[in-house]
Amino acid sequence: MFSHYEDPLSVLEIDLAAIAENWLGLKKRLKPGADCAAVVKADAYGLGAKEVSRALHEHGCRHFFVAHFEEALALRGTLPADALLYVLNGPWGAQPKDFIRHGFIPVLNSYNDIEHWSKEALKQPCLLHIDTGMNRLGLGAKEILLLAEKRNVLEVLNIRYVMSHLACADQPSQAMNAVQLALFEKLSAALNRPLRLSLANSAGIFLGERFHFDLARPGCALYGINPGQGPNPMRAVVTVQARILQIMEIDVPGTVGYGATYKIAPPAKTATISVGYADGYLRSLTGAGAVYIHGERCPVIGRVSMDTIIADVTHVKSPGAYAEIIGEHQTVDDVAGQAGTIGYEILTSLGKRYKRIYKT
Ligand SMILES: *Cc1c(COP(=O)(O)O)cnc(C)c1O
């Protein structure tokens, strides 16, 4: 097994067909007339915004959300001209004329954003963000009611959608969902003009038709992350495998890894595997993570390093070439649970060192 020195050290397989199927499945859940966007910010949650958005465009997706101007720029050359690119963090990082030249649609999150945008971008498409309780981005209730009075300001805006964002959509029993829904309906109505609305992220889609409005904005569910707390309705998208670099037979008592924190007693066998925290195998998986070899669970022992982890493979007869980091035996959400974080952070941390294989 160790003779294949030309093997890739780590392999990230991304199933574009599964992403497309997830998008189509979410779209089918929406009430008639509602459209389905794709959130492809942060390089499509680390999986490759170009590849992902191209695949989704082929399946009919026309609305794409990124967070930064630069992310929109990276997609403009990739996607056909009928793709609409929305920039969640607002008209920052470039001048309004640059947004307009490329046809990017900023989300106006504050009254400052509105003034800045309307000065130079008369009647150019934008989204208006209402904060309904998350207190992160968007105009609050008072500001929306003031804006409603300012007919001259509203006249120069070309609002494609009024949007808001749910704080607790993954917890259907949270009272806050209904509170945000009611406030969203009330404040958007206060603007007193026909406006299209957008509220639901992935989890919001599963809260029911009242949350769907005109445009849903799923992200995580496209990438196979469970949008709720029950059984995952989405197809898995990501497989991560890493090369076993070395097997060690432990025949004297000793320790494993930095800090010599893990004591190991003979007889034992360890595998050093080519993945580390620089590859999104988070350091917080120290003492908690495991890999699978031939379907057998092998606990990660000692501290996670930058480029390697060490697994206890004492019970594995002949460890092969690769260990499963994410895949058939443990999902992205499982690994996130072990790391004390969420699947979103695992995916966006994966990094650049993997050999990427896109399955279509
Ligand atoms: C990231 C984001 C989404 C997508 O959320 P998911 O939970 O990944 O579906 C939707 N809307 C806004 C405003 C976001 O920031």
Side-chain angles (χ1 to χ4, degrees), residues 19 22-27 29-30 34-47 49 52-53 56 61 63-69 71-72 75 84-92 105-110 113 126-140 160-172 174 176-177 180-181 183-184 188 196-207 211-229 232-235 237-238 332-333 336 341-350:
I19 294 178
N22 285 339
W23 183 78
L24 289 167
L26 292 170
K27 188 173 157 66
R29 278 180 182 270
L30 297 177
D35 220 328
C36 196
V39 178
V40 294
K41 61 192 181 191
D43 202 25
Y45 293 43
L47 301 186
V52 167
S53 41
L56 290 178
C61 183
H63 304 269
F64 298 88
F65 284 84
V66 295
H68 291 207
F69 176 86
E71 294 180 323
L75 287 182
L84 297 163
L85 288 161
Y86 305 94
V87 181
L88 284 166
N89 282 12
W92 296 84
I105 304 171
V107 176
L108 305 183
N109 289 309
S110 65
D113 284 0
C126 63
L127 264 55
L128 179 67
H129 193 169
I130 303 181
D131 179 62
T132 52
M134 186 144 167
N135 287 315
R136 182 177 73 167
L137 288 169
L139 283 80
R160 290 298 173 87
Y161 292 93
V162 173
M163 61 170 274
S164 189
H165 192 46
L166 297 164
C168 309
D170 59 334
Q171 301 158 252
Q174 252 279 359
M176 188 154 174
N177 293 317
Q180 286 195 271
L181 176 65
L183 194 54
F184 185 52
S188 54
R196 282 175 296 180
L197 306 178
S198 173
L199 179 63
N201 58 349
S202 301
I205 293 173
F206 293 84
L207 294 177
F211 288 81
H212 293 174
F213 296 101
D214 301 297
L215 183 69
R217 309 184 308 270
C220 72
L222 301 174
Y223 312 114
I225 291 173
N226 192 346
Q229 332 239 281
N232 191 350
M234 311 316 298
R235 264 189 66 183
V237 166
V238 170
V332 175
D333 293 312
T341 183
I342 53 176
Y344 301 63
E345 193 181 21
I346 299 292
L347 292 187
T348 56
S349 301
L350 289 172

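Since this is a predicted model, take the numbers as computed values, not measurements. Each ligand, and each atom within it, is numbered from 1 in the order the structure gives.
- Within 4.0 Å of ligand 1, protein heavy atoms belong to Val39, Lys41, Tyr45, Leu88, Arg136, Met163, His165, Asn201, Ser202, Arg217, Pro218, Gly219, Cys220, Tyr344, listed by chain and number.
- Residues satisfying the ring pair (Phe, Tyr, Trp, His ring centres under 6.0 Å) criterion with Tyr86, sequence neighbours excluded, are His63, Phe65.
- Considering only residues two or more places apart in sequence or on other chains, Tyr344 meets the ring pair (Phe, Tyr, Trp, His ring centres under 6.0 Å) condition with Tyr45.
- Checked by atom type and distance alone, the side chain of Asp43 pairs as donor or acceptor with a backbone atom of Ala49 at under 3.5 Å.
- Between Leu26 and Met234, some side-chain heavy-atom pair lies under the 4.5 Å cut-off.
- Considering only residues two or more places apart in sequence or on other chains, Arg196 meets the salt bridge (charged side-chain N to carboxylate O under 4.0 Å, His left out) condition with none of them.
- Inter-residue side-chain proximity for Leu181 and Leu207 is flagged as unmet; no heavy-atom pair is nearer than 4.5 Å.
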